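When reading the values below, keep in mind they use all heavy atoms of this one structure, side chains included, and skip hydrogens, waters and symmetry mates. For clarity, every value in this text was computed on a predicted model and none was experimentally measured. Atoms within each ligand, like the ligands themselves, are counted from 1 in listed order.
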Amino acid sequence: MTPPRPSGPVLHTRSGSVSLARVALVGVINATPDSFFDGGRHQDPAEAADAARAMVDAGAALLDVGAESTRPGARPVPADEERRRLLPVLRAVRAAVGVPISVDTTKAGIARVALEEGADAVNDVSAGRLDGAMLPLVAAAGVPVILMHMQGTPETMQLAPSYTDVVREVTGFLAERARAARAAGVAAEQIVVDPGIGFGKTVEHNCRLLRRLDLVAALGYPVLVGVSRKGFIGRLLGDAPPAGRLHGTAAAVALAVAAGARLVRVHDVGAMRDVVRVAEAVAGA
Ligand code: HH2
């Protein structure tokens with residue numbers, strides 16, 4: 001008997017398909033010394049593998065492994081340093097879990113070795129703008145790609161974010177980057193778009209984008225949202241540090257799901273799985 005085909009969008013990878021019929025949880029693993037929340041926690045391959053197993057047990061459908069912090073003020077990491085940090089952790093995570101893994105990088109050379117070492121998808125916070133070889137690489141590999149909006153660069157993006165109409169500008173940007181990806185040969189069903197919460201945005205910009213995520217979803221691509229423990233949540237809570245932003249994250253995740261997010265990128269997979277399951281049931285999402 002053939003199993004029923006999942007309904008709704010599906011991302012296809014060689015480590016299996018990610019059905020987006022229900023909202024997918026994407027667990028964050030940063031092989032960095034300086035990420036704003038998990039910096040230094042997952043640099044050791046054995047610790048990263050333990051964290052990966054725990055995230056999958058808690059319900060992660062995808063893991064996102066990165067080796068360059070993109071927090072506000074972060075300086076770019078040279079490719080050889082990014083590769084040195086990434087590969088041991090990626091190999092350990094790949095050996096530990098069977099779910100698809102995305103590599104969080106803006107460099108095509110890093111994405112290429114990561115795909116060779118077992119990654120299944122590319123998460124590019126520059127949406128293919130920083131490295132002209134990225135979209136052709138994704139197309140040739142046939143893997144899913146996450147295209148994210150960012151105003152400026154991590155080093156300077158929070159100095160003076162400015163938009164006339166943030167929702168229209170971000171949506172227009174994502175439409176244009178999706179067209180660029182398709183022109184490079186990326187299949188439409190392998191494209192995910194992301195408004196880039198916290199990337200060159202004020203608290204008000206982030207809130208507006210989350211409120212009108214339906215307009216981003218109207219582009220026709222699955223929407224990923226990354227709000228987990230971010231600065232705007234801290235600011236809304238009287239400058240709470242990242243460790244004090246779990247419940248604020250839950251509120252933002254629930255509302256993102258209600259407004260149309262199909263993937264949520266989170267540090268706390270178990271807690272956010274409950275938030276997502278209840279939010280999607282109540283919202284009928
Ligand atoms: N946020 C971060 C990193 N990568 N990728 C996508 N697609 N969307 C996001 O919102 C996003 C992302 C920042 O979070 P984190 O990885 O925890 O921190 P850091 O950049 O300091 O490593």
Side-chain angles (χ1 to χ4, degrees), residues 11 18 24-43 48 51 55 60 62-77 81-82 85-86 89 101-107 110-111 114 119 121-130 134 138 144-155 157-158 170 173-174 177-178 181 191-201 205-206 209-210 213 216 221-234 241-243 245-246 249 252-253 256 261-269 272:
L11 302 175
V18 180
L25 289 132
V26 181
V28 179
I29 297 189
N30 284 312
T32 55
D34 57 347
S35 287
F36 79 94
F37 179 61
D38 68 345
R41 294 187 201 189
H42 300 140
Q43 275 181 293
M55 287 182 189
L62 190 73
L63 295 179
D64 188 40
V65 180
E68 177 178 43
S69 173
T70 48
R71 74 189 185 288
R75 310 286 300 273
V77 174
E81 170 68 6
E82 190 176 344
R85 293 177 183 178
L86 178 71
V89 167
I101 298 170
S102 59
V103 58
D104 186 349
T105 187
T106 59
K107 301 181 187 77
I110 297 289
V122 174
N123 173 22
D124 181 354
V125 299
S126 84
R129 289 176 303 153
L130 277 183
M134 185 64 101
V138 166
V145 64
I146 299 160
L147 303 173
M148 197 197 79
H149 175 271
M150 165 166 44
Q151 186 178 80
T153 64
E155 204 171 347
M157 65 189 179
Q158 288 309 112
V170 168
F173 170 90
L174 293 174
R177 295 318 296 160
I191 296 174
V192 172
V193 295
D194 179 345
I197 298 299
F199 285 84
K201 283 133 191 142
H205 295 143
N206 291 318
L209 280 166
L210 288 170
L213 219 49
V216 182
Y221 299 101
V223 177
L224 180 146
V225 168
V227 292
S228 192
R229 296 183 182 270
K230 282 191 175 165
F232 82 103
I233 295 173
R245 300 175 187 166
L246 182 65
T249 296
V253 164
R262 299 314 296 169
L263 305 99
V264 290
R265 182 182 181 278
V266 296
H267 302 97
D268 310 278
V269 174
M272 293 309 134

Considering distance alone, does some N or O of [X] sit under 3.5 Å from an N or O of ligand 1?
{"X": "Asp104", "result": "yes"}
{"X": "Asp64", "result": "no"}
{"X": "Asp34", "result": "no"}
{"X": "Asp194", "result": "yes"}
{"X": "Ile146", "result": "no"}
{"X": "Thr32", "result": "no"}

Side chain, backbone, both or neither: Thr70 near ligand 1, heavy atoms under 4.0 Å: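 Both backbone and side chain.
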
Within ligand 1, which atoms have a heavy atom of Val125 less than 4.0 Å away?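 Matching atoms, with element in brackets: 4 (N), 5 (N), 12 (C).
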
Heavy-atom nearest neighbour in the protein, as seen from atom 10 (O) of ligand 1, with distance rounded to 0.1 Å: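 Here the nearest protein heavy atom works out to Lys230 NZ, 2.7 Å.
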
Among all protein heavy atoms, pick out the one at the shortest distance from atom 21 (O) of ligand 1; state its residue, atom name and that distance to 0.1 Å.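 For atom 21 (O) of ligand 1, the nearest protein heavy atom comes out as Ser69 OG, 2.7 Å.
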
Sequence neighbours excluded and cut-off under 3.5 Å, please list the side-chain donor-acceptor pairs for residues 192-201, or say none.
{"residue": "Asp194", "atom": "OD1", "partner": "Gly196", "partner atom": "N", "Å": "2.8"}
{"residue": "Lys201", "atom": "NZ", "partner": "His149", "partner atom": "O", "Å": "3.3"}
{"residue": "Lys201", "atom": "NZ", "partner": "His149", "partner atom": "ND1", "Å": "2.7"}
{"residue": "Lys201", "atom": "NZ", "partner": "Pro195", "partner atom": "O", "Å": "2.8"}
{"residue": "Lys201", "atom": "NZ", "partner": "Gly196", "partner atom": "O", "Å": "2.8"}
{"residue": "Lys201", "atom": "NZ", "partner": "Phe199", "partner atom": "O", "Å": "3.2"}

Does the distance from a Lys or Arg side-chain N to an Asp or Glu carboxylate O, for Asp104 and Arg265, drop under 4.0 Å?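 Salt bridge flag = yes for Arg265 with Asp104.
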
Taking ring pair (Phe, Tyr, Trp, His ring centres under 6.0 Å) as the definition, give me every residue that meets it alongside His42, ordered by chain and number, with sequence neighbours left out.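 Per chain and number, His42 pairs via ring pair (Phe, Tyr, Trp, His ring centres under 6.0 Å) with no residue.
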
